[in-house]
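A quick write-up on the structure given underneath.
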Amino acid sequence: MLQSQSQHTSLSTSAHLAQTMTLLSLTSSELLQKIESELSNNPALEMIEERRCPMCGRLLPPSGPCPICSQPKNLETSEPIVFISPREDFYTSGGLQPEDLPEEPFTSESLDLPTYVLRQIAGDLDWDENLLAAFILNHLDDDGFLTTTPLEVARYHHRDPGEIADLINRLKRCEPIGVCAEGPVDAMLTQLDILEENAPIPPYTREVVRNFLPKLSQHHYAEIAHALCATTAQIAKVAEFIYENLNPFPARSHWGDVRNPTEEENQVFHQPDILIYPLSDNPSNPLVVEIILPMRGTLRVNPLFKETLKQINDDKAEEWREDLEKANLLIKCIQQRSNALKMLLEKLVAYQEPYIRGGDKELRSLTRAQIAKELDVHESTISRAVSGKTVQLPNRRIIPLSVFFDRSLPQRTLIREMIDAEEDPLSDSEIQQRLSEMGINIARRTVAKYRSIEGILPAHLRQPNRSARSA
DNA sequence: CTATGGCACGGATT
DNA sequence: AATCCGTGCCATAG
C-alpha cells in the first residue's frame with residue numbers, strides 16, 4: 001500500500017512536468033477545449049463565479065486587485081502591465097474581430113455551408129433536384145470541395161451522370177463561387193467563367209490555372225511562359241490577375257496566401273492568445289498586455305467533492321482520489337502556464353516596445369535563447385511558449401508571437417518600402433547598395449531572397465513608376 | 001554582359 | 001539532433 005502510494009505520487013510529479021510542458025505549448029483556444037473536456041470528465045473540477053472589477057467591470061484574475069484600475073495615477077513606469085485575463089467570452093462572442101480581416105462570407109447568418117448554398121438555388125430547382133442538391137452539398141469537405149464524384153452520385157440515385165454534372169455546374173455558380181468543385185483548379189476555372197461574362201481575362205489565364213498552378217506558386221514565370229510559348233511579362237500579368245481575382249479555396253473564410261496553397265491555413269488567425277494595447281494615446285503610458293485565459297470564472301477543486309471523498313470507503317475511493325489529483329494537477333499546471341507566459345511577455349514586450357508602437361521597421365533582433373537566459377529557464381520552454389501563439393497588436397493586426405524573434409522583418413519591410421517608392425525598378429544589387437548606405441549589410445543574394453519572400457517580382461518584370469504587389 | 005534563381009554548405013537557432 | 005537562414009558559386013535567361 002505504501003509502495004503503491006509513493007509510486008503514485010512520483011508518477012504524478014513526472015506527469016506534472018509533462019503536463020506543464022504540453023499546456024505551455026497550447027493555444028488559448030486549444031486550452032479552452034482541454035479545460036472543457038476536463039471539466040465534463042472530472043467531477044472533482046468546478047468553475048466558480050467570476051470576479052469583476054468594481055471600477056471598470058473587467059474580468060479579474062483569480063485573486064488580487066484589478067490590474068488596470070489599481071495602477072497609481074501617475075503612470076511614470078514605462079514597464080508594460082502584463083496580466084492574465086480570464087475571458088471565455090472572448091472566444092464565443094468574437095467581439096474583438098480585427099477590422100482588417102474581411103467578414104466571413106456565411107457566418108453572418110450562422111448558416112452552415114450546405115444550407116447557405118442550397119438557399120440560393122432552391123427556388124430554381126424542382127423538388128427532385130433539390131433532393132439531389134442536398135445530397136451533393138452534404139458530401140463536401142471543409143473547403144467546400146466534393147468528396148464524391150458525379151458518377152457515384154448518379155449511380156447512387158440511379159440518375160444520368162450528365163444530369164448530375166449539369167446540376168453540379170449550377171451549384172458551382174453559387175456563392176461562394178466555385179463551391180462543389182472537385183478541387184482548387186476546378187473552382188478557379190468556374191470563377192474564371194463567371195468573371196469572363198463581365199470582363200475580359202488575360203490570355204493564357206485558363207491554361208495557367210489548369211496546368212501550372214504549382215509552378216505559379218513557385219514564381220517560375222519564365223518556365224511557364226516557355227511551355228505556353230508566351231512572354232514572361234504576359235505570365236506575370238496572368239499571375240497578378242489570378243492573385244487578385246481568384247480564390248482556390250472559396251469556401252474557406254478567407255484565403256491566406258496563394259503562393260503556399262498547402263499551408264495557407266496557417267496564415268489566418270481568428271483569435272489571438274494575447275492582446276497588446278496602449279493604456280491611452282499618451283506614448284509615455286505603459287502598454288497593457290492581456291494574456292487570454294479562456295475561462296469564464298475560476299477553476300478550482302470542488303470542496304464538496306473533497307468532503308465526500310473523506311467519507312466514502314475503499315472501492316470507489318481510489319478512483320475518486322485519482323480524479324482529485326488530476327484536478328489539482330491541472331489547476332497547478334494552468335497556473336504555471338500562465339506564470340511562464342506572463343514572465344515571457346513582460347520581457348518580450350518591454351524589449352520590443354518600439355516595434356509594437358512603431359511598426360515592422362522597429363523590430364529589434366532577439367533570439368529565444370537570449371530570453372531563456374534572462375529568465376533562467378530552458379530554451380525549449382521559451383520555444384514551447386512561443387510556438388503557435390498569436391498576438392493582437394495595438395494596430396489590431398494579429399500576428400504570430402514568433403515574429404518577435406524574426407531577424408529579417410525590418411530589412412524586408414525596408415526593401416518593400418523601397419520598391420513601393422521606386423521610380424524605375426531597382427535591381428537587387430542596387431537595393432543592396434542602398435541598404436548598406438543605411439548601415440544594413442546583407443548580401444545581394446539575400447536581398448533577392450527577401451524580395452521573393454515578400455512576393456515581389458524581379459526588377460525586369462516590374463513596371464516603371466508603379467509597383468507590382470499582390471495579396 | 002548583367003541580373004536572378006537554384007543548390008548546397010556552414011553556422012546559428014530551436 | 002534537427003531545422004532554419006544567410007551566403008557563395010554557378011547556370012541560365014534576358
Side-chain angles (χ1 to χ4, degrees), chain A residues 20-22 24-27 212 214-239 259-260 262-263 266-267 340-341 343-344 347-348 351-352 360 363-389 400-416 418-419 422-436 438-464 467-468 470:
Chain A
T20 313
M21 300 213 300
T22 14
L24 189 55
S25 61
L26 288 187
T27 307
F212 296 101
K215 294 284 178 213
L216 191 73
S217 65
Q218 294 160 33
H219 294 255
H220 290 165
Y221 298 139
E223 199 179 323
I224 301 172
H226 188 71
L228 291 174
C229 301
T231 67
T232 316
Q234 276 176 311
I235 300 303
K237 274 257 182 337
V238 169
R259 284 159 279 161
N260 304 310
T262 46
E263 46 184 321
N266 301 337
Q267 303 280 327
L341 282 175
M343 308 222 306
L344 171 65
K347 289 284 179 201
L348 214 46
Y351 187 79
Q352 297 290 17
D360 290 349
L363 189 76
R364 300 171 64 190
S365 106
L366 175 69
T367 71
R368 291 158 171 79
Q370 285 175 40
I371 292 281
K373 199 175 168 193
E374 267 191 66
L375 292 178
D376 195 33
V377 294
H378 197 324
E379 317 173 336
S380 71
T381 312
I382 305 293
S383 267
R384 287 174 184 282
V386 169
S387 76
K389 307 283 191 307
L401 188 55
S402 56
V403 313
F404 279 67
F405 300 93
D406 187 331
R407 262 171 305 168
S408 61
L409 185 65
Q411 290 90 317
R412 293 205 315 264
T413 35
L414 230 40
I415 290 174
R416 175 196 292 264
M418 211 179 271
I419 291 176
E422 80 193 351
E423 198 91 344
D424 289 314
L426 293 165
S427 79
D428 288 345
S429 12
E430 284 170 319
I431 294 175
Q432 187 225 0
Q433 183 124 25
R434 291 202 186 191
L435 282 175
S436 76
M438 300 167 63
I440 299 172
N441 290 308
I442 54 177
R444 173 238 112 210
R445 187 66 189 76
T446 309
V447 174
K449 204 147 216 177
Y450 288 171
R451 182 173 48 68
S452 79
I453 291 177
E454 293 296 309
I456 301 172
L457 291 172
H460 63 276
L461 291 179
R462 272 183 261 136
Q463 305 295 326
S467 55
S470 56

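Just so we're clear, the structure is a prediction, and the values are computed from it rather than from any experiment. All chains are named by letter (A, B, ...) in the order of the sequence lines, taking the proteins before the strands, and each is independently numbered beginning at 1. Worth knowing before you read on, the calculation uses all heavy atoms, side chains too, and leaves out hydrogens, waters and symmetry mates.
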Measure NZ/K373(A) against C1'/dA12(B) and give the value in whole Å, please. 16 Å

Select base, sugar-phosphate, or nothing to describe what I382(A) touches, counting heavy atoms under 4.0 Å on all strands. nothing

In short, the helix from dC1(B)-dG14(C) to dT14(B)-dA1(C) is bent end to end, axes from five pairs each side, to 10°, by 10°

Determine: side-chain N/O of Y450(A) to OP1/OP2 of dC5(C), distance under 4.0 Å, yes or no. no

Which of L426(A), I440(A), I431(A), I453(A) passes side-chain contact (heavy atoms from CB on, under 4.5 Å) with I415(A)? Answer is I431(A)

Specify the separation, in whole Å, of atom CG of D428(A) and atom P of dG6(C). 15 Å

Return the CG to NZ distance between L24(A) and K389(A), rounded to the nearest 0.5 Å. 5.5 Å

Can you tell me how far P of dT14(B) sits from NE2 of H378(A), to the nearest Å? 13 Å

Starting the side chain at C-beta, find the nucleotide from dA3(B), dT13(B), dG5(B) nearest to T367(A). dT13(B)

Nearest-Å distance for atom pair CD/P, residues Q432(A) and dT2(B): 16 Å

Atom CD of E379(A) to atom P of dT3(C): distance rounded to whole Å? 17 Å

Go through dG6(C), dC7(B), dT14(B) for me and flag the one nearest to the R445(A) side chain. dC7(B)

Would you classify R407(A) as touching base, sugar-phosphate or nothing, given that sugar-phosphate means primed atoms plus P, OP1 and OP2, and contacts are heavy atoms under 4.0 Å? sugar-phosphate

Please round to the nearest 0.5 Å and tell me the distance separating atom CG of L363(A) and atom CZ of R412(A). 9.5 Å

Please give, in whole Å, the distance from dC5(C) P to D406(A) CG? 8 Å

First encountered from the 5' end of DNA chain B, between A459(A) and S383(A): A459(A)

Separation of dT4(B) atom P from H460(A) atom NE2, nearest Å, is 7 Å

Closest listed nucleotide, where the reference is the side chain of S427(A) and the choices are dA3(B), dG5(B), dG6(C): dA3(B)

Mind calculating the distance between CG (L426(A)) and P (dT4(B)) to the nearest angstrom? 10 Å

